[in-house]
Novice: 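Encoded as structure tokens, here's the structure I'll be asking about.
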Amino acid sequence: MIFAMRKITLFVFLCISLSEIIGQEQKKVKQLDSIQVNLTRSLDSLLQYTPKELNVIVLKELLKKLNPKPVKKPHVGWRSIGKIAFFFNQSAFNNDWQGGGTSNVASNASLNYEFNYKKNSLTWYNKILADYGITFLKGENFARKTNDRIEINSRLGQRIGESLWNYSLFINFRSQFAKGYSFSEDPDTDETIRTEETHFFSPAFIQIGPGLLWKKSDDFNLNLAPVTSRMIFVNDKFTSGPDYIEGDYFGLDAGESSRFEFGGSLAAYAKFEIIKNITMENILGLYSNYIEDPYNVDIDYTLNLNLVINKYISGSFVFQAIYDDNATSGFQIREIIGLGLNYEF
């Protein structure tokens, strides 16, 4: 009996406590409802006398805070991008054309391929550049080159702390695909004579050296390598013969097929958009040979203007100036304007 009374007393106590809790919660809900009603009225009153343009701006800012853009994680691992371009042009003149001109057909193909690796503060940049152009002139039995280059660049970088500076190690290789000729005219027959002067791996330039890389982005960086080794390779048939002048062929002595140089180099790269769909790319390379004439700096500058018309059609302007007194006494200059097809992969 006593035990049953205790149970009834406990049950009544629990019911009373539960009813008090429910009453308090209902009171809180009513208070929140009242606050919400008052807040809504205040906002309605405020918005009523506020310009709609300002309301839209405030709403956009609130939505940005409520829905922040996801932060993109930095890419880790390999990434590659490539572009193949083909340019073609043709000119024709009939026999009655009085303005002068020679009918010709010309074409140029180029490859620009990058494959890069990034992980934490380590970067490995690799780039392959290849160009070959040829033209056929009416009345000549052979074609003439308008462009010929193969270049491979590789650069390893390790960022120094949180700065823009990196320890670096670079390798650069440059050569050409086909034979290069100089042209002259036979005084007896007036026919064009060509003389072979270069071919694949003659010359070939290989540079390697450690240094410091300042890299703001992939489109704006500078690499300084004060300790750089450079090797020049040629075919010894160009340095042989009784008429060969010492150092006349890329600085090599008679009968030699290679030349070692020790110096410093600087490589700078800047790419930016001039206007929509038109980009300018600047590539500068400087090299000084400490062993011989250190103040006589070799210069290699290239300017690329690229116009994107659509996914498959583009235009380009290329200007390159090279100064290397071991090759020739003046500036070597080439310029190409083209409109053609391209494919990115």
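Just so it is clear, the model here is predicted, and its values are computed rather than measured.
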Novice: Crowded around Phe86 CZ? As in, over 12 foreign heavy atoms under 6.0 Å?
Specialist: yes
Novice: Tyr132 vs Phe177 aromatic rings, parallel, tilted or perpendicular, using cut-offs 30° and 60°?
Specialist: perpendicular
Novice: Count the heavy atoms of every other residue, nucleotide or ligand shown that sit under 6.0 Å from CZ of Phe142, and state whether that count exceeds 12.
Specialist: yes
Novice: For the side-chain contact (heavy atoms from CB on, under 4.5 Å) test, which of Asn104, Ile337, Leu339, Thr135 pairs with Asn89?
Specialist: Asn104
Novice: Compare all side-chain heavy atoms of Ser229 with those of Phe260 and state whether any distance is below 4.5 angstrom.
Specialist: yes
Novice: Looking at every non-hydrogen atom in both residues, tell me the closest pair between Thr228 and Ser265 and how far apart they are.
Specialist: OG1-OG, 3.2 Å
Novice: Within 45° of the axis and under 6.0 Å from the centre of the six-membered ring of Tyr125, does NZ or CZ of Arg155 qualify?
Specialist: yes
Novice: Just jot down the ring-ring contact (aromatic ring centres under 6.0 Å, His included) partners of Phe262, sequence neighbours excluded, or say none.
Specialist: Tyr290
Novice: Which one of Asn289, Asp298, Asn172 satisfies the side-chain hydrogen bond (donor to acceptor under 3.5 Å, both in side chains) criterion with Arg230?
Specialist: Asp298
Novice: Should the pair Glu196-Arg194 be classified as a salt bridge under the 4.0 Å nitrogen-to-oxygen rule?
Specialist: no
Novice: Once ring-ring contact (aromatic ring centres under 6.0 Å, His included) is applied, do any residues pair with Trp124, and if so which ones, sequence neighbours excluded?
Specialist: Trp78
Novice: Among all residues two or more places apart in sequence or in another chain, which pass the ring-ring contact (aromatic ring centres under 6.0 Å, His included) test with Phe345?
Specialist: Tyr113
